[in-house]
Amino acid sequence: MSEKVVFLGMGGTIAGKAAQAGDNVGYTAGQVAVSALLDSVPGLQLALGGRAVLSEQVCQIDSKDLQHADWLALAQRVRQHLALPEVRGVVVTHGTDTLEETAYFLSRVLPPVLQQKPVVITCAMRPASSLTPDGPANMADAATVATSEGARGVLVVCAGKLHAAAHVQKVHPYRVDAFDSGEAGPLGMVEEGRLRLFNGWPAVNSEAGLVNLERLSQSDWPRVEILVSHGGAGGALVRSLLIAAPGDAPVRGIVVAGTGNGTIHKDVEAALRIARAQGVRVARVSRCAYGQVVGASTQARSGEFQAFGLSAVKARVELMLAIAADTQP
Ligand code: SIN
C-alpha cells in the first residue's frame with residue numbers, strides 16, 4: 001500500500017485573494033480551495049518523496065471567525081485520516097490569526113497513539129494572489145516535515161521554522177516570519193527541502209484525548225472567557241459576566257491574563273472570588289510575552305485561581321476541555 005499525505009484546508013490568508021496582485025492587506029481570506037493551492041506548490045512531489053496526496057476542504061474561513069464546530073470538524077477529520085495505516089501524516093492549511101489555538105486544541109484532543117504521526121499546520125502572511133505569496137513555500141516545508149523520519153505530534157511550520165503546538169504564538173501582524181516559540185525556541189528549521197531538527201520532536205502528552213470528541217459534538221462547549229488585569233481595572237467586567245444575557249450560555253470559566261507573575265488587581269480579585277463561589281472556574285496566566293507564572297503568589301496560595309503555564313488563548317482551551325471532561329459521563 002503506497003503512503004499518503006493528507007492536506008486539509010481550513011481557509012486563511014494562504015487561501016486569500018485580493019483584487020490587486022500587489023495588495024497584501026486588502027484581501028479576502030479563505031477563497032482558494034486547498035486542491036488549487038496544492039497545484040501552486042513547486043517541488044511538492046520532491047518534498048513528499050513521491051508519496052500520494054489527498055486533499056479535503058474542512059472549512060473555508062478567515063480564522064478570526066473560527067467557531068468551536070470548526071475545531072471539532074477538523075479534529076474529527078484529522079483523527080479519521082491518521083488512523084489509516086497508509087496515511088503518513090496530515091498537513092493543515094490554516095489562517096495565522098488563531099492558528100496557535102487550533103494547534104493547541106488538536107494537541108489536547110487527539111489520542112496519544114495517533115500523535116505518533118505528524119499533524120503539520122501551515123499558513124501564510126501573504127494571500128495566494130500576492131506577487132510574492134509565502135504559502136507555496138510553507139506548504140512545501142510542511143510536506144517535508146510531515147514526511148521526515150520520526151515526525152510526530154502537532155507541529156506548526158511557517159517561514160522555514162518548525163514550532164511545537166505548546167509554545168508557538170503569532171507575534172507579528174504583518175511580517176512573513178510571524179511566529180515565535182518564546183523561550184522554548186523553534187524545534188528546527190526547514191532549509192532547501194531538508195529539516196534540521198535541533199530540539200527534538202515534542203513529547204506527546206499522555207493525557208491528550210481525554211475529552212470525548214463525540215460527546216463534545218453533542219453538547220454545548222463550556223463558555224470560558226478571557227480578561228486582562230491592568231492598571232485601573234475593576235470588578236465590573238467580572239460581575240457582568242455572571243449575568244448571562246438571554247440566549248447566552250452561562251459563563252463556566254474565566255481566564256485572567258494577570259500582571260507580571262500572574263497577579264490580579266485586588267478589585268478584580270474580589271469579583272473573581274464571587275464568581276468562584278458561584279461555581280465559575282478561574283485560571284490565571286501571565287500577560288508577559290515571555291515566561292510563565294512561577295511558584296505560588298499570595299493570591300494563588302489558597303488554591304483559588306489555578307495557574308497555567310500557557311498563553312491566555314491556550315489556557316482558555318485547556319480550561320474549556322477540563323470543564324468538559326469533568327462534566328462528561
Ligand atoms: C486568518 O487568520 O484567517 C487571516 C489572517 C492570516 O491567515 O494571516
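Heavy atoms only: backbone and side chains are in, while hydrogens, waters and symmetry mates are out. Here, residue 1 is the first one in the sequence, and each next residue gets the next number. For ligands, and for the atoms within them, numbers begin at 1 and follow the listed sequence.
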Residues clustered with M189, ILVMFWY side-chain links under 4.5 angstrom: F198
Chi angles and distances behind the side-chain contact (heavy atoms from CB on, under 4.5 Å) call for M320, W221: CA-CA 7 Å; M320 205 165 52; W221 292 37; 3.7 Å; yes
Residues in the immediate environment of ligand 1 (any heavy atom closer than 4.0 angstrom): G12, T13, D62, S63, G95, T96, D97, A124
Pairs flagged by salt bridge (Lys or Arg N to Asp or Glu O under 4.0 Å) wherever residues 137-158 is involved - sequence neighbours left out: none
For V41, the rest of its hydrophobic cluster, which grows through side-chain links under 4.5 angstrom: V5, F7, I14, V32, V34, L37, L38, L44, L48, V53, V91, V120, M139, V145, L155, V157, L162, L187, V190, L195, L197, W201
Under-4.0 Å salt bridge between D248 and R223: no
Salt bridge R108-E318, side-chain N to carboxylate O under 4.0 Å: yes
